[in-house]
Amino acid sequence: MEYNFNEIEKKWRAYWAAHKTFKAENRSDKPKFYILDMFPYPSGAGLHVGHPLGYIASDIFARYKRMKGFNVLHPMGYDAYGLPAEQYAIQTGQHPAITTERNINRYREQLDLLGLSFDWDREVRTCDPSYYKWTQWTFIQLFKHYYDEKLQKARPIAELVSQFEADGNAQVNASCDEKTPDFSADEWKNFSEKEKQEILMHYRLAYLSDSMVNWCADLGTVLANDEVINGVSVRGGYPVERKLMKQWSLRITAYAERLLRGLDQVEWTDSLKEIQRNWIGRSEGASVWFPIAEKSNADVLPGVQAYINQASLHAVPAFEIFTTRPDTIFGVTFMVLCPEHEMIAQITTPEQKAEVEAYVTWAKNRSERERQAEVKKVSGVFTGAYAVNPLTETRIPIWVSDYVLAGYGTGAVMAVPAHDSRDFAFARHFNLPIRQVVLPEGEQPTDTDTWTESKDSKSGVCINSGFIDGMPVKKAITAVIDRLVEMGIGERKVNYRLRDAIFSRQRYWGEPFPVYYKDGYPCVLDESELPLLLPEIDTYQPTATGEPPLARAKNWEYKGYPLDYNTMPGFAGSNGYYLRYMDPHNDQCYFSKEANEYWRNVDLYVGGIEHATGHLLYSRFWNKFLHDLGMSCVEEPYHKLVNQGMIQGRSSFVYRIKGSNKYVSLHLKDEYETDPIHVDINIVDNDVLDIEKFRQWRPEFAGAEFILEEGKYICGWEIEKMSKSMFNVQNPDDIVEKQGADTLRMYEMFLGPLEQSKPWDTKGIEGVARFLKKFWRLYHNSELQFAVSDEKPSDAAYKSLHKAIKKVGEDIEKMAYNTSVSTFMICVNELTDLKCNQREILDPLCRLMAPFAPHICEELWQLLGHTESIAYAEFPQYEEKYLVENSCNYAVSFNGKTRFVMSFPLDMSREEIEKEVLASADAQKWLQGQTPKKVIVVPKKIVNIVI
RNA sequence: GCGGAUAUGGCGUAAUUGGUAGCCGCGCCAGACUUAGGAUCUGGUGACGAAAGUCGUGGGGGUUCGAGUCCCCCUAUCCGCACCA
């Protein structure tokens, strides 16, 4: 029989489905292996060849692990909530559930064509009530917990309440908002219920607060920081502005340290870990309180300590700054507040009031985009007020400028113009003093007036710095912090760039919050009320009064109290999906303890790098929280993570002569003025345009004329993103139809290293198709009848097979599948040349290739007489004895340049090899009578003769 | 600006980790079978050269008997972060 992939693939797809071949059991004596793909958002466009790249790679690994005797969990599902379905609903009025369902079905059809060994019985969809019940449930737990800094763990909020009742909050060491007030036990007891709730909100891990959010008017919703790039939304590219809104947030910052430390325990690429480290942005330094100077015009204010001691710091007007370089405090010549800083109004002098207000208004109204675009432009205004530098006891002016960010540290900085480029630029622009306090090694102090930029101060010794003069930077940092602590105005502090995750979206297509409002403060539903179903509404727009779409829902209330109008963000559902796969049908709990303790965490996670700061951070946080609750037994959810590269498109172009409907072939185009026009790659073969199809392609090309070269129209090409608009999309369905799924699988792997981006070459796949045909023919005679003999194979055949087993085995462990495919090609070429058709070779070869090309291998496996699926057959083991060589080809080089090759027995001594090489005619020719200065013989490798 | 990665034929890539650069495939060239080929099979294919040979892994230095691989400097491209105090 000819290799009929269509029939074979159809047959085995049906077989696997009918036999539930890839069903994973939660109890097994086998070791477990959990291999997960980042589940897709089912878009309306369907899959192109780039999407399955990771799925195929993980599938090969899953199939390999099964053959190695592991109980493999390899599930798939859908990240089904999200903006595109809702945007489409707004445009068409169609319910997003309907379009989502349709897209999922299409995805499933396409995925099924690829022979992926998923356990579909475990499928999850984030928009399914039986799934989002647990997303809502986790939200409720977050609401009911706070983070205990001492235990480094989430604890029930009730424990916090007991502490408040006993001692107030002075002794409490918990993650909370900056503005959390201090209170005693008595005060707590006298608070009203509403006041108590407001206090607790400062501690909850899911909390409602007025926060500065990224408001995207075009999408009608707020966005999390990772959903905004360069001041515009990641989805759609709409402008984003800062706005103060009451929103749910998740206190992910409480976990910053654990999120950072956990990175040391996982096998991710360094670049990905680095992205997360940057995003978390830990910096060590000091928090320092600068007192506001009293109404004194003196430049030097001795006795700061006495001034501070007059009252507790909080009574003296003062503001807090964060610095990583407390050692430069003697170089502080002014202070800068961000325009949003709440003390501005309080400290600004009457004379400066108008100017400051104008600046603040201007700065606040600028979009993020404008602000970021004009980073180099210096702007600011003097408040008229002064602070006291507590160490120099001098009076320093307080300015307002938008180069200080509200979102980082305290929104206020001590400016050290000599050693900070931004402070330097500001000082120069407004003519403020610059004072050098760090002297790099080997330099002499210079007049700061002559400087054109700030001086690096990473290392060196302190100068002009009072008691730390002469100290190296590192020592000075400690010394200054000690002094500040002593004075009662500072402390060591670690600061993070990471912000809490804004968790509300003013959208319809997402999980409703299990929250109602009683007397104006939020309460969570009882767990028994879950899931809180997403209600039906008439239209998916905000209301006339600007309320989110859920405000349109009828009876959207609980026991007469209004329910929350927001829904959760797109990333909510994906946070814990990997846990739910372990026990997807459990309606009593998120997942059972047994299932979790068996599957533990994901051993191999495959997906795109685009989730580096979103999903991968939130999901780790979510899991750590569930770990604190004693539910998820392993703290890091994804042990090994591989980011697959993108498959780029190879676009084809025709060149239209300007102002005409005439097209000139690639190599002649420079003789004309032309415009390149994208042309559908389906009407181009090997860069040759099918002229007739081009004329039919679109009405405007119907009358096209051509200037040909050698009778052909040659198209130009360029590597671009694979996208419909560039007409360079390859549809996997078409390839499966034309070449087969096994060919597609192997070709995707053959393109290059998994983690690299590489273009899709429409021609290259034919080489893989030819290879599979050749592979098939190994098992067949010239009449194409199945013909495998039981004769003893030759040594050469054994060697060829075992070379391949060794290499492929090593490659799979490294996921270096591109070299595996080429190894198969080499092996099949060799066996074909050897006319090998022996069972002892072809049976293991079939198993070796089964993870890559499962359909054809199942078919051959059956022809070989096996009755069980090859999916659980034993992966072949290589035996060293077939690979032993008794001679080696030594490359003989002169001064490092290879000249010829000589073969010697492996056990030949260096001396003998040297003698024989030098005696050979080839060597004599190159020596030309000279005596070699030195001869290097590396056994089993090379001979190098130095002359 | 900071951090990370990458750079090898016309193209995608490979190189036992310091030891014969270019495996495998595409493309290209030639041949076979064919009425025909955009099918199939066989052989060739880094550049220059008639050949002997010379040159050759982004560029420049270095270490070494020997460097695509190690070290230093530079260039280009991609990615992440970016007024982060």
Side-chain angles (χ1 to χ4, degrees), chain A residues 229-230 269-279 281-283 285 321-325 328 336 338 371-372 374-378 401-405 407-416 419-423 425-426 495-498 609-610 612-613 643 650 685-688 690 717 719 746-747 750-753 755-771 773-774 806-807 810 816 818-829 889-901 932-938 940-947:
Chain A
I229 290 180
N230 294 332
T269 59
D270 289 340
S271 65
L272 181 51
K273 286 186 187 182
E274 208 48 38
I275 290 173
Q276 290 223 336
R277 287 196 189 104
N278 286 343
W279 192 261
R282 182 184 199 272
S283 47
I321 60 100
F322 172 75
T323 175
T324 55
R325 292 299 301 274
T328 60
V336 189
C338 67
R371 203 181 60 75
Q372 288 185 8
E374 295 171 13
V375 158
K376 295 248 148 58
K377 251 191 191 167
V378 178
S401 172
D402 67 355
Y403 84 85
V404 175
L405 302 178
Y408 184 78
T410 59
V413 301
M414 60 176 218
V416 186
H419 305 293
D420 179 285
S421 60
R422 297 148 305 175
D423 296 341
F426 195 81
N495 204 39
Y496 298 92
R497 195 186 78 102
L498 183 70
I609 187 77
E610 66 272 21
T613 51
N643 294 119
R650 187 181 183 276
D685 185 74
N686 204 13
D687 291 339
V688 177
D690 185 323
W717 59 271
I719 302 303
M746 289 198 100
Y747 182 55
F750 184 63
L751 278 175
E755 46 293 324
Q756 231 169 72
S757 286
K758 55 247 159 182
W760 181 265
D761 177 357
T762 50
K763 265 333 241 192
I765 194 166
E766 290 172 15
V768 175
R770 273 195 279 271
F771 155 72
K773 261 185 229 168
K774 205 167 170 179
K806 181 167 195 255
K807 176 77 174 135
E810 288 165 359
N818 54 327
T819 47
S820 300
V821 178
S822 112
T823 301
F824 285 125
M825 289 174 170
I826 293 166
C827 182
V828 167
N829 287 346
N889 287 332
Y890 284 83
V892 180
S893 54
F894 289 78
N895 291 341
K897 277 183 191 162
T898 305
R899 296 305 183 181
F900 55 91
V901 173
K933 283 189 194 134
K934 198 172 176 187
V935 179
I936 293 133
V937 179
V938 184
K940 294 183 220 171
K941 290 218 164 101
I942 53 104
V943 177
N944 189 18
I945 298 163
V946 186
I947 48 176

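Note on naming: letters A, B, ... go to the chains in the order of the sequence lines (proteins, then strands), and numbering restarts at 1 for each one. Here the structure is a predicted model, which means the values were calculated and not measured.
Base engagement by A:Val404 is indicated by at least one non-hydrogen atom pair under 4.0 Å involving a base atom.
A:Asp270 places its CG atom 12 Å from the C1' atom of B:rG3, with the value rounded to the nearest Å. One interatomic measurement links the two molecules: CG of A:Asn278 to C1' of B:rA5, which rounds to 14 Å at whole-angstrom precision. Atom CG of A:Asn643 is separated from atom C1' of B:rA5 by 13 Å (rounded to the nearest Å). The interatomic distance linking A:Phe900 (CZ) with B:rG53 (C1') rounds to 16 Å, in whole Å. A:Ile719 has its CD1 atom 16 Å from the C1' atom of B:rA7, to the nearest Å. Distance A:Ile275 CD1 to B:rA5 P: 12 Å, rounded to the nearest Å. Between A:Arg497 atom CZ and B:rG80 atom C1' the separation is 10 Å, expressed in whole Å. Taking atom OH of A:Tyr496 as the reference point, atom P of B:rA85 lies 14 Å away to the nearest angstrom.
Here the nucleotide nearest the side chain of A:Arg770, chosen from B:rU20, B:rC41, B:rC81, is B:rC41. Nearest to the side-chain atoms of A:Asp761 among the listed nucleotides B:rG25, B:rC26, B:rG3 stands B:rC26. Nearest nucleotide to the A:Phe750 side chain, out of B:rA15, B:rC24, B:rG19: B:rC24. Here the nucleotide nearest the side chain of A:Glu766, chosen from B:rA85, B:rU20, B:rG27, is B:rG27. Distance from the side chain of A:Thr324 is smallest for B:rA85 among the nucleotides B:rG12, B:rA85, B:rU20. Each of B:rC26, B:rG12, B:rC28 was ranked by its minimum atom distance to the side chain of A:Lys758; first place goes to B:rG12. Checked against B:rG19, B:rC11, B:rC65, the side chain of A:Lys934 finds its nearest nucleotide in B:rC65. Out of B:rG19, B:rC24, B:rA85, the shortest distance to the side chain of A:Leu405 is found at B:rA85. Closest approach to the A:Ser283 side chain among B:rA82, B:rG3, B:rA85 is made by B:rA85 (side chain taken as heavy atoms from C-beta onward). With B:rA14, B:rG25, B:rC83 as the candidates, the nucleotide lying closest to the side chain of A:Asn818 is B:rA14.
The glycosidic torsion of B:rG9 lies within 90° of 0, which places this base in the syn conformation. Under the 90° criterion around 0 for the glycosidic angle, B:rU77 counts as anti.
Of the charged side-chain nitrogens involved, at least one lies within less than 4.0 Å of a carboxylate oxygen, so that A:Asp687 and A:Arg650 count as a salt-bridged pair. Electrostatic pairing of A:Lys807 and A:Glu810 does not count as a salt bridge here, judged by no charged N lying under 4.0 Å from a carboxylate O.
Annotation: A:Lys377, atom NZ; neighbour count of heavy atoms from other residues, nucleotides and ligands within 6.0 Å does not exceed 12.
Spacing of P atoms, B:rC70 relative to B:rU6, comes out at 10 Å, to the nearest Å. Taking atom P on both nucleotides, B:rC26 is separated from B:rA36 by 25 Å, rounded to a whole Å.
For the pair A:Tyr496 (side chain) and A:Ser283 (backbone), a donor-acceptor distance under 3.5 Å is absent. In this structure a side-chain-to-backbone donor-acceptor pair under 3.5 Å is present from A:Arg497 to A:Asn278.
If you find the closest nucleotide of RNA chain B to A:Arg650 and to A:Phe322, the one lying nearer the 5' end belongs to A:Arg650.
Under the 3.5 Å distance criterion, with hydrogens and angles disregarded, a donor-acceptor pair is assigned to the side chains of A:Asn829 and A:Lys774.
The phosphate of B:rU54 (OP1 or OP2) has a side-chain N or O of A:Arg899 nearer than 4.0 angstrom.
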